[in-house]
Amino acid sequence: MAAGAAKLNVLLACACLLLLAVGCKASPYWPLEIGFYHDKCPQAESVVKGVMEYAISKNPGNGAAMIRMLFHDCFVEGCDASILLDPTPFSPTPEKLSPPNDPSVRGFELIDAIKEAVEAVCPGVVSCADILAFAARDASCILSKGTVAFDMPSGRRDGTFSNASEPLKFLVPPTSNLSDLLDSFVVKGLNAEDLVILSGAHTIGRSHCSSFVSDRLNTPSDINGSLAWFLRSQCPADATPGGNDPVVMQDMVTPNVLDRQYYKNVLSHTVLFTSDAALLTSEETARMVEDNANIPGWWEGRFAKSMVKMAGVEVKTGDQGQIRKNCRAINYH
């Protein structure tokens, strides 16, 4: 009798553990979770937000930089802050020195400042990968004046590998057609809607002339004539990365506001990149562009959802990776 009861208790315990495991994996954010630092570092997210509010008040471009950096990080080695690692004798060419990132990706000093502030209250607890995800979330909220507000799941750990060859494999250039853009998203578990929605971030930030002069201004394209005239007045015809390469705003209408203006720009052919114009080359994506442009509130909620989805790409959790003490360098002990 006692043996039977003990066996039953063991079976019940196993069943409970199984249900718990299934329940965790069924979470829409698994293996990440909302409020991961609630007990470990309850101030973490508020500290990040405070630094971001100050940084954006000084320069709205700081917000755009965080959103772009998150995208470039997540598409290479997953969302593990590998983009933040500096060159070392053992790894002289990390991701940040790769052509898709250098010199256009910026904001590394802002991440340093956030990490320093977080370490001051909770040393060795919050990963650089989570700091970047929180910073991009807060940038979205601040630059949209609160219309893009969402919780960012956390629990990411920091990667220990970074190589300049990797971004060339996964970050397609702004000269890309729709097929190449979709392929780059699908391989990361994202879809056509995510592509169209996340492209909306091009409503903020700046671009180097070399990213669009050769295929949008020096050759026939569908770019609006007035915009082309203005851009030619700002950009040299031989703009090259690292050379004579000025920057221009991506959205001339609301350059410092994260809003749906981007989609209106796509429809009016007043966008900078071939990759932006490519969204009109299929019925499916063109319809999404029209909906985002014309339906108030339609894009904002979807942008929040796609940001969370992207920020969960190939994350390292549990015993994977590490919690870096310095976001620019891996821990060696």
Side-chain angles (χ1 to χ4, degrees), residues 59-69 71-72 75-76 83 95-108 164-165 167-185 195-196 198-258 261-282 285-286 289 293:
N59 179 2
N62 285 322
M66 293 298 97
I67 295 173
R68 185 163 189 259
M69 186 185 287
F71 170 76
H72 279 234
F75 268 58
V76 182
I83 196 172
E95 287 173 34
K96 64 168 53 172
L97 298 184
S98 186
N101 296 328
D102 184 25
S104 59
V105 172
R106 62 189 187 88
F108 298 106
S165 64
L168 296 170
K169 300 175 184 177
F170 299 107
L171 296 172
V172 298
T175 55
S176 299
N177 61 32
L178 184 59
S179 177
D180 289 342
L181 291 166
L182 287 171
D183 287 346
S184 72
F185 270 63
L195 166 62
V196 175
L198 292 173
S199 293
H202 287 176
T203 191
I204 52 173
R206 303 176 298 173
S207 170
H208 284 273
C209 292
S210 60
S211 295
F212 58 83
V213 163
S214 63
D215 60 318
R216 297 286 279 168
L217 300 181
N218 291 351
T219 59
S221 73
D222 71 340
I223 194 167
N224 174 275
S226 295
L227 177 60
W229 179 88
F230 171 76
L231 294 174
R232 289 190 180 100
S233 74
Q234 304 296 308
C235 298
D238 60 349
T240 54
N244 185 10
D245 197 11
V247 295
V248 296
M249 302 306 297
Q250 294 196 80
D251 176 0
M252 308 294 175
V253 183
T254 58
N256 294 321
V257 181
L258 186 69
Q261 180 63 42
Y262 166 79
Y263 300 99
K264 299 177 182 179
N265 297 344
V266 173
L267 292 173
S268 63
H269 304 283
T270 53
V271 284
L272 299 184
F273 307 132
T274 294
S275 57
D276 293 326
L279 299 183
L280 295 181
T281 60
S282 87
T285 55
V289 169

Task: Heavy-atom donor-acceptor pair, Tyr263 side chain to Val196 backbone, under 3.5 Å - done: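 Judged by distance alone, yes, a pair lies under 3.5 Å.
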Task: Gly205 backbone acceptor or donor facing Arg68 side chain under 3.5 Å - done: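 Not at all, since once roles are kept as given, no pair shorter than 3.5 Å links the two residues.
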Measuring from atom [atom1] of [X] to atom [atom2] of [Y], what distance do you get when rounded to the nearest 0.5 angstrom?
{"X": "Ser184", "Y": "Leu195", "atom1": "OG", "atom2": "CG", "answer": "7.0 Å"}
{"X": "Glu95", "Y": "Leu171", "atom1": "CD", "atom2": "CG", "answer": "8.5 Å"}
{"X": "Asn256", "Y": "Ile204", "atom1": "CG", "atom2": "CD1", "answer": "8.5 Å"}
{"X": "Asp238", "Y": "Asp245", "atom1": "CG", "atom2": "CG", "answer": "10.0 Å"}
{"X": "Met249", "Y": "Leu272", "atom1": "CE", "atom2": "CG", "answer": "10.0 Å"}
{"X": "Thr281", "Y": "Asn177", "atom1": "OG1", "atom2": "CG", "answer": "7.5 Å"}

Non-hydrogen atoms of [X] and [Y] that approach each other most closely:
{"X": "Asp251", "Y": "Asn265", "answer": "OD1-ND2, 3.1 Å"}
{"X": "Ser211", "Y": "Pro174", "answer": "O-CG, 3.5 Å"}
{"X": "Cys235", "Y": "Val248", "answer": "SG-CG1, 4.3 Å"}
{"X": "Ala237", "Y": "Val213", "answer": "O-CG1, 3.4 Å"}
{"X": "His72", "Y": "Pro100", "answer": "CE1-O, 3.3 Å"}
{"X": "Leu231", "Y": "Phe212", "answer": "CD1-CE1, 3.9 Å"}

- [ ] Take His269 and Leu280 through the side-chain contact (heavy atoms from CB on, under 4.5 Å) test and state the conclusion after the steps.
- [x] CA-CA 10 Å; His269 304 283; Leu280 295 181; 4.0 Å; yes
Does a donor on one side chain and an acceptor on the other come within less than 3.5 Å for [X] and [Y]?
{"X": "Thr270", "Y": "Asn224", "value": "no"}
{"X": "Asp215", "Y": "Thr274", "value": "yes"}
{"X": "Ser98", "Y": "Asn101", "value": "no"}

TODO: Applying side-chain contact (heavy atoms from CB on, under 4.5 Å), run through Val76 and Lys169 and close with a yes or a no.
DONE: CA-CA 8 Å; Val76 182; Lys169 300 175 184 177; over 6 Å; no
Open item on the list: Within the structure provided, determine whether Gln234 and Pro246 are in side-chain contact (heavy-atom separation under 4.5 Å).
Closed with: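 No. Closest side-chain heavy atoms not under 4.5 Å.
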Task: Thr254 side chain near Thr203 side chain, heavy-atom distance below 4.5 Å - done: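 They are in contact (side-chain heavy atoms under 4.5 Å apart), so the answer is yes.
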Open item on the list: Could you walk me through whether Gln250 and Tyr262 satisfy the side-chain contact (heavy atoms from CB on, under 4.5 Å) test, starting with their C-alpha distance in whole Å, then the side-chain angles of each, then the deciding distance to 0.1 Å, before giving a yes or no?
Closed with: CA-CA 9 Å; Gln250 294 196 80; Tyr262 166 79; over 6 Å; no
Task: Stepwise side-chain contact (heavy atoms from CB on, under 4.5 Å) test for His202 and Asp276 - done: CA-CA 9 Å; His202 287 176; Asp276 293 326; 2.8 Å; yes
